[in-house]
Every structure is written in structure tokens, then in C-alpha cells.
Amino acid sequence: ALCSRLSSIRAASSCTNGQTGCHFLSLANLFDRVIQHSARMHGISNDLHSEFELYFLPSKNQIGRVSRNCHTSTILTPNGKENAQRIAREELTEVILKLLVAWREPLWHFHQNMAQHREFNNFSSNKSLEMSEMVHELRRGVQKVVEKMQMLGVINSSLGNLGSPEALLASDRAEWRLMNDYDLLYCFRRDSNKIQNYLKILKCRIVPEHGC
Amino acid sequence: MAVLLSSNLCLILLVSALDWLPTPASAFLIDWDRTTSSATLGPHFTDCISRDQETFRCWWSPGSLQNLSSPGALRVFYLKKDSPTSEWKECPEYIHENRECFFDANHTSVWIPYCVQLRGQNVTYFNEDDCFTVENIVRPDPPVSLNWTLLNISPSGLNYDVLVSWKPPPSADVGVGWMRIEYEIQYRERNATNWEALEKQPHTQQTIYGLQIGKEYEVHIRSRMQAFVKFGEFSDSIFIEVTEIPSKDYTVPLTLVLIFGVVAVLTVIMLIVISQQQRIMMILLPPVPAPKIKGIDSELLKKGKLEELNFILNGGGVDGLPAYATDFYQEEPWVEFIEVDEEDAEGGDKEDNYNSDTQRLLGLPHRNIEGFSAISHPDDDSGRASCYDTDLPEHDTQRLMASLLPGQPEDNETCLDAPASETGEKPLIQTQIGGPQTWINTDLYAQVSNVMPSGGVVLSPGQQPKIQENTSGSERETQKGGKQNEDVEGIKEQKRNEPQFQLFVVVPEGGGYTAENNTQQTSTPPSTSVPGAGYQTIQPQPMETKPAATGDANESPYILPEPSQSQLFTPVADYTVVQELDTHRSLLLNPPPSQSPSLCQPQHPLKVPMPVGYVTPDLLGNLTP
């Protein structure tokens with residue numbers, strides 16, 4: 001996780017101002033880094049969710065007894081491979097960014113709660129902290145990718161709201177506070193899997209390689 | 001937040017309480033409690049599985065109620081909760097023979113909860129647990145093309161490592177990245193019951209370490225989605241076995257090579273030992289140096305081969321003596337003179353010995369004349385002169401054993417004096433071949449202190465006026481009282497008053513062994529610094545040659561000719577060293593030191609002052625050309 005985080009940090013901080021001597025990373029490299037990062041993030045979210053289930057009764061299909069409403073349900077996301085391959089790249093990229101933006105604050109609060117309540121061990125507390133940080137780093141990394149894509153002309157620059165995450169955040173500002181921790185973890189686990197898959201498909205569509 | 005947690009707990013407790021109630025239509029839970037009797041089990045779903053995260057299937061069972069087992073009696077409905085207003089819909093595709101409901105890609109949505117239920121005529125069998133999301137029910141197919149290659153074998157030849165490789169399941173779209181799969185390999189011995197599981201990893205190959213040679217192993221593999229729980233089916237097993245053949249080929253030749261190498265080394269060592277046996281024996285058991293007389297082979301004397309010895313001494317062959325002498329010296333470089341042992345005070349038994357030896361030598365009537373093999377003397381090391389007593393009176397040429405036998409002066413005297421007594425003309429060997437009684441009083445050992453040019457040898461025994469009468473200028477040896485060791489200085493001191501005998505070297509006219517310079521010295525001043533004091537060389541008169549003086553290269557190294565021919569009788573020292581043999585085979589003894597400067601020293605390039613006592617090996621080297 002550290003390596004991927006550092007790589008994304010490096011990706012985020014390098015060549016911000018077009019300085020000379022920057023190490024230019026190829027788009028494929030950038031995609032690989034963010035994909036790695038998202039995989040790591042999904043793994044942590046899965047671990048935390050499984051741990052939380054120990055305090056509650058384990059669900060059969062990890063769906064929980066009560067059907068949940070995640071605060072990100074309002075975001076329209078492609079629900080299948082074909083759908084993800086069909087929609088426009090810009091749309092796909094926007095979905096990814098929306099998801100990442102939507103989860104930053106809730107995870108931060110979740111970590112704060114974890115730190116305060118002693119019934120969770122340090123392992124979970126560290127993971128929650130890492131998870132919240134990773135969401136933030138991943139968002140910045142994806143933004144870098146978008147900038148690169150726009151620079152390369154892969155996607156058009158019509159998506160103006162991509163550059164302003166605060167606008168995305170305004171829509172669902174308070175909905176996440178209604179979720180309890182367990183639901184929050186369940187929802188984030190689902191969404192991190194979405195992000196991971198979307199990034200993979202996006203890379204395959206933009207950077208052609210064998211198998212795509 | 002605490003309120004929320006407590007509310008959660010209460011909710012969970014409520015739900016768990018609900019679980020305790022028997023449910024008519026139990027859900028398709030994998031780990032559902034099977035203890036519930038199947039009799040009360042109604043229609044239910046057994047499982048819902050997706051293989052590629054794009055489609056999924058559900059299977060149901062009618063349960064114990066047989067009347068619903070016919071196809072069509074039960075219908076599958078599903079609810080897709082993608083909106084709050086979603087409704088139950090019927091299964092898009094039935095496969096009745098399997099009691100299976102197949103959801104194709106159009107009807108499959110990931111990340112969206114599904115619920116399924118069975119409906120009969122008027123009854124709906126539904127369980128809350130039969131809700132799921134597609135990504136959570138994915139069980140990937142097992143990998144394909146599983147094979148293995150041998151990596152290496154341990155040095156001990158007991159273990160080996162194997163690299164197993166495979167291809168991802170074709171149904172899973174790994175290339176696009178829609179599914180990220182990790183694999184788990186399990187292996188076990190052929191007849192074992194428990195499987196060994198290796199660590200899960202996402203690559204399409206993995207190494208199995210530490211397999212044992214000779215055992216057969218069974219390997220299979222399964223896959224699952226990364227960061228998910230459910231595994232797919234196991235693949236078909238492959239079998240791995242490595243036998244011991246390759247290692248054996250190495251060990252057998254190695255042992256053979258080792259054995260042959262060791263045998264060869266041992267054989268070489270044996271050959272070396274055998275071939276160098278003599279040398280090794282010399283090194284390990286060095287022979288004790290025996291006192292030898294220069295120029296004389298004690299073996300000949302021992303064996304009584306007087307003829308040969310005489311022949312040799314007379315220079316029978318051109319190359320006779322020098323070569324012989326050379327051989328002598330080479331064999332025994334530490335040749336030293338044998339001391340003259342004068343023990344007058346000894347008892348009669350010694351006299352008896354003397355008598356017997358003397359008689360033997362003299363060839364007395366009660367003794368065998370040929371007992372000149374008085375060389376049968378028990379003392380092997382005493383270079384006893386074998387005097388050819390019988391021959392002396394007969395032959396003109398007398399042979400000498402001059403520097404010979406230090407051992408028995410009387411013997412020498414007898415031998416040498418005998419012909420002299422008989423042939424008064426030639427003062428050759430003057431031996432006392434008188435009656436035995438004349439020798440009773442003689443010492444057993446006498447030192448040849450001088451050799452006359454006429455061929456006589458001057459002895460210096462303990463006494464013998466008789467001898468002195470016969471000879472001229474003979475003096476008495478002052479070796480009485482004890483053996484003389486090789487210490488020349490000590491000898492010199494005693495030489496002043498030494499009566500010395502003269503032994504004349506017989507010089508055959510035919511050449512060969514010529515007499516030495518007759519530079520007898522009556523006295524050898526002990527103050528002489530020259531170590532060669534007391535040594536004289538005697539030259540025969542008829543043969544006055546100084547080959548050495550002329551630096552004759554052919555000269556034998558042992559000959560040190562002294563030009564002092566005028567002096568027939570010179571002071572005789574206790575020991576006389578036969579330095580060299582000149583070309584005429586004359587023994588050249590060391591001149592006395594006082595006279596040596598006046599003499600024309602041979603310009604022998606290798607000449608060095610000779611030690612009085614003996615010739616040391618290094619000096620010997622100087623002598624030899």
C-alpha cells in the first residue's frame with residue numbers, strides 16, 4: 001500500500017507546473033499505478049468489512065440482513081462490463097471521480113469514530129486510517145490521469161466539473177451521515193470494487209494492449 | 001455514534017432471534033445448518049453461482065414435497081433492487097432438467113442486490129437470505145493447461161523443486177481486467193489424505209519446493225476473485241514424479257574413478273619405493289662406516305683373493321687401481337686409517353691370537369700356508385694384509401701391501417720382511433719371515449709409517465729391533481701404550497722417538513703399481529703446522545717419474561708424487577696417507593711438512609693440504625679430477 005501510495009503521490013506531485021526535469025510518465029504507467037492503488041484500497045475495505053462482520057452475525061452473501069441504501073446510490077454507474085464498455089470514456093471517468101469524491105468525507109469520519117471507540121483493535125484502526133487516506137490519494141491520482149488524457153487529447157475537455165470536486169460533493173453532503181458504520185463499510189466495499197473495475201476498463205479502452 | 005452502535009446491536013439481536021424460528025423455505029446458504037431434517041425442508045434454492053461476473057445461474061430443489069418436483073410446478077422470481085419501485089420478475093430462462101434458472105448478461109447487473117424466490121401454486125417460498133450481489137457469488141472456473149517442469153535437484157539427490165504453470169480460465173475475462181483472479185495450488189502425496197496448500201497469488205505459475213524423489217505427487221489448483229471469498233472448483237489433478245535415475249549415473253562413475261585413482265597412486269608409490277630401495281635403505285638405515293684402507297678393498301682381503309689383490313696393487317691393469325681406488329673412495333668417503341693398536345701388556349691369550357694369526361699368515365707348518373687367508377680373521381674390519389708369503393720368495397717382484405693392514409704389524413713385518421731376508425739384493429719387502437718366535441713379541445698392529453722407494457714399507461709398531469736390523473733407518477714407533485686415533489697432532493708428538501719400521505713397497509718392473517717416493521722421515525716435528533706432517537711418499541728408485549709434478553692430467557688423483565727421490569729414508573710418521581697414484585701406479589704419500597715445500601709440489605690443480613688422519617668426503621672431491 002505504501003508503494004502504491006507513494007507512486008500516486010509522486011504521480012500527483014510531479015510535473016505540476018510543467019517544471020523542467022520532470023519525469024514524464026506514460027499514460028499506461030499512470031493507469032497502472034492508479035489501478036494498483038484501487039486494488040489495494042478494495043482489499044483493505046474488504047478486510048475491514050469482514051472484520052466488522054465478526055462483531056455482527058456473518059451474512060451469507062455478505063449482503064446483510066437489511067437492505068441498505070448507500071449514499072452513492074444516486075450516482076448512476078454502469079452495472080456490467082458491457083455497460084461500462086459502452087458508455088463514453090468521459091462519462092466513465094466522471095463516474096470514477098464522483099465516487100472517489102463522495103467517499104472522502106465519510107471515510108474520514110469513520111476513521112475518527114474508529115479511533116475513539118476502543119472496542120476495535122489497532123489493526124482495524126490503522127486500516128481505516130489507511131483507507132481514508134487512500135481514497136484521497138486515489139482521487140488525486142485519477143485527476144492526474146484525466147489531466148494527462150486531456151493533454152493528450154484522448155478525451156475532450158468538455159467535462160468541466162471534473163476539475164472541481166467540490167461541486168460533486170455538494171449533492172450528497174449529508175446523506176452519508178445516516179449510515180451506520182457497518183452499512184458504510186458495506187457500501188464502500190461495493191464502490192471500491194466498482195472503481196477498480198471501471199479503471200481497468202477505462203485503461204483498456206484508452207491504452208490498447210493485448211487482451212482488451 | 002454510540003447511539004447508532006447500540007441501535008445496531010439491538011437490531012442484530014432482533015434479527016438473530018428471528019433466525020431461531022424455523023423457516024419453511026430456507027435459503028441457499030452454503031454453510032446453512034444441515035441439521036434441519038430434510039423432511040421438513042420445503043422447496044428452496046440450493047445455490048446461485050456466477051462464473052464470469054456477467055451471467056449467473058440459480059438452482060433450486062423441491063425439497064421433501066414430491067408433488068412439486070415436476071417441472072413447472074415451481075416458478076422462480078427474482079427482484080432486482082436497482083430502484084425503490086422494482087418488482088418481482090420471473091426467471092428469464094429456465095433449464096428444467098437441471099432445475100436451473102439462467103440469467104444472461106442482459107439480465108445480470110453487478111453491484112445490485114438480487115433476491116430470488118420460488119412460487120408454487122398459491123405458496124411463495126421466500127427467504128431473506130436469498131439475496132445477493134453478483135460480485136459476491138462469483139466462483140471462477142479452474143485454470144486450464146496445468147503442467148510442471150523440473151527446476152533442480154538438491155545436491156543430496158533426495159529433493160527437487162518443480163515449477164507448475166497454467167493458464168487462466170477462459171471464461172474469466174482477465175485480459176480486460178473485468179476479473180482479477182488469484183490462484184491456490186494444493187498438492188499431496190499419492191496416498192495421503194491431507195492436501196498441502198500453497199500461498200494464494202495472482203500469477204500463472206508457482207514453484208513447489210522440497211518434493212522428494214521417488215514419490216508421486218498429486219497437484220490441483222483453483223481460483224477465486226481477489227479480495228473475495230468464494231473459490232471456484234478444483235481443476236483436474238496432475239501427477240508429478242521424479243525418479244532417481246539421473247543421480248545414480250553420477251555416483252557410480254565417481255566411485256569407480258576414485259577407486260582407480262587411489263590404486264594408481266598406491267602403485268606409483270610402491271614403484272618408487274622399490275626402485276629407490278637402496279637409497280631409502282641408506283637413508284633409513286645408514287651403514288655404519290667401517291674403517292677401510294685406502295685403495296684396498298677389504299672384501300678381497302676377507303675372501304682371501306690374494307691374487308686379485310696383488311694384481312690390483314701391482315697395477316695389473318691400466319685402469320685397474322685407479323678405478324678401483326676411485327671406487328673405494330666413492331663407496332666409503334669416510335675412509336680413515338685404522339689405528340695401530342699396541343698392547344704389549346696384554347695377556348697371553350692375545351699372544352696366542354697373535355700366534356695363530358701370525359702362523360696363519362706365515363704359512364707355518366702347523367698352519368696351512370695358504371692360510372694367508374689369515375684373512376679368515378674374525379675381525380672383518382681389520383684390513384689384514386694378505387701377504388703372499390709363498391709367492392714372495394719365488395717371484396722377483398714383490399707385492400706390497402703397504403698401507404695395508406694396519407692391523408697386524410707383525411704380519412706385515414713377516415710378509416714384507418720375508419722376501420727381504422731371502423733376497424738380499426733387492427731390498428724390497430723386508431718382512432720378517434722368521435720363526436714364529438720372532439714374532440711373538442711383535443704387536444698385532446703396526447702402522448705403516450713409511451714406504452721406501454725400494455718398495456719397503458716402514459712400519460712403526462711397538463717394537464722390533466729385528467726389523468730395524470733388516471731395514472735401514474727404521475725407527476721405532478712410539479705408538480706404544482695405546483691406539484692412535486686419527487689425531488695427527490697427537491701422533492706427531494710421539495713420533496719423535498718412534499722407532500719405525502720400514503716397509504718397502506714392492507715395485508713390479510712391469511709398471512703398474514710403482515712405489516712411492518721414499519721420503520722417509522725419521523722424525524716428524526710435531527710443531528709442523530702442515531697437517532700433512534708425517535706423511536711421506538715413497539718412490540721407487542727405478543721409476544722416477546714425477547708425473548704429478550708435470551701436472552699430468554692422466555694422473556690419478558690419489559697420487560701425490562714427491563720429487564724427493566734422493567731421500568730414501570726420511571722420518572716416518574705414524575700415519576701415511578696415500579695421496580695419489582701416479583701414472584706409474586705408485587703410491588704417493590704425503591711428504592712431511594718440512595720437506596714438502598722443498599719438493600716440487602705437483603701442480604695438481606686440485607691439490608689441497610691433506611688432513612693427517614683421513615680423507616673427508618669433501619677433500620676427496622678435491623682429489624678427484
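The model shown is predicted, which means the values in this text are computed figures rather than measured ones. Reminder, nothing fancy here: chain letters follow the sequence lines and each chain counts from 1.
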**Q.** Within 6.0 Å of CD in B:E196, more than 12 heavy atoms from elsewhere
**A.**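 Atom CD in B:E196 is not packed in, count stays at 12 or less.
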Q) Can you say whether B:D82 sits under 4.5 Å from chain A via the side chain, the backbone, both, or neither, judging by heavy atoms? A)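 The answer is neither part of B:D82.
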(Q) Does B:E97, at its CD atom, have more than 12 non-hydrogen atoms belonging to other residues, nucleotides or ligands within less than 6.0 Å? (A)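 Above 12, so yes.
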Q) Are more than 12 heavy atoms from other residues, nucleotides or ligands located less than 6.0 Å from atom CG of A:L152? A)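 Counting neighbours around CG of A:L152, more than 12 heavy atoms of other residues, nucleotides or ligands fall under 6.0 Å, so yes.
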Q: Find out whether B:N136 and A:R189 are in side-chain contact, i.e. whether some heavy atom of one side chain is under 4.5 Å from a heavy atom of the other.
A: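 Side-chain contact under 4.5 Å: yes.
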Q) Among A:R205, A:K194, A:E82, A:K203, who wins on heavy-atom pairs under 4.5 Å with chain B? A)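 Max contact count across the listed options: A:K194.
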Q. Is the number of heavy atoms from other residues, nucleotides or ligands within 6.0 Å of CZ (B:R51) greater than 12?
A.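 No, the 6.0 Å shell around CZ holds no more than 12 heavy atoms from other groups.
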Q. For B:V176 and A:C204, which heavy atoms make the closest approach, and how far apart are they?
A.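 Result for this residue pair: CA-SG, 4.0 Å.
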(Q) For a 4.5 angstrom cut-off between non-hydrogen side-chain atoms, does A:H42 reach B:Q226? (A)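 Counting from C-beta outward, A:H42 and B:Q226 never come under 4.5 Å.
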Q: Measure across A:G43 and B:A227 and return the closest heavy-atom pair with its distance rounded to 0.1 Å.
A: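 Minimum heavy-atom contact is CA-CB, 4.1 Å.
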Q) Is the shortest heavy-atom distance from the side chain of A:N197 to the side chain of B:R180 under 4.5 Å? A)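 The answer is yes, as the side chains (C-beta and beyond) meet within the 4.5 Å cut-off.
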(Q) Any heavy-atom pair between the side chains of A:K81 and B:D52 that's under 4.5 Å? (A)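 Contact flag for B:D52/A:K81 side chains = no.
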Q. Got a sec: does the CH2 of A:W108 have more than 12 other heavy atoms crowding it under 6.0 Å?
A.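 Incorrect, the count does not exceed 12.
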Q: Determine whether B:F228 and A:N46 make a side-chain contact, defined as any pair of heavy atoms from C-beta on separated by less than 4.5 Å.
A: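 Of all side-chain heavy-atom pairs linking A:N46 with B:F228, none is under 4.5 Å.
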Q.
A quick test of your reading: do over 12 heavy atoms of other residues, nucleotides or ligands sit less than 6.0 Å from CD of B:Q201?
A.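 More than 12 within 6.0 Å, yes.
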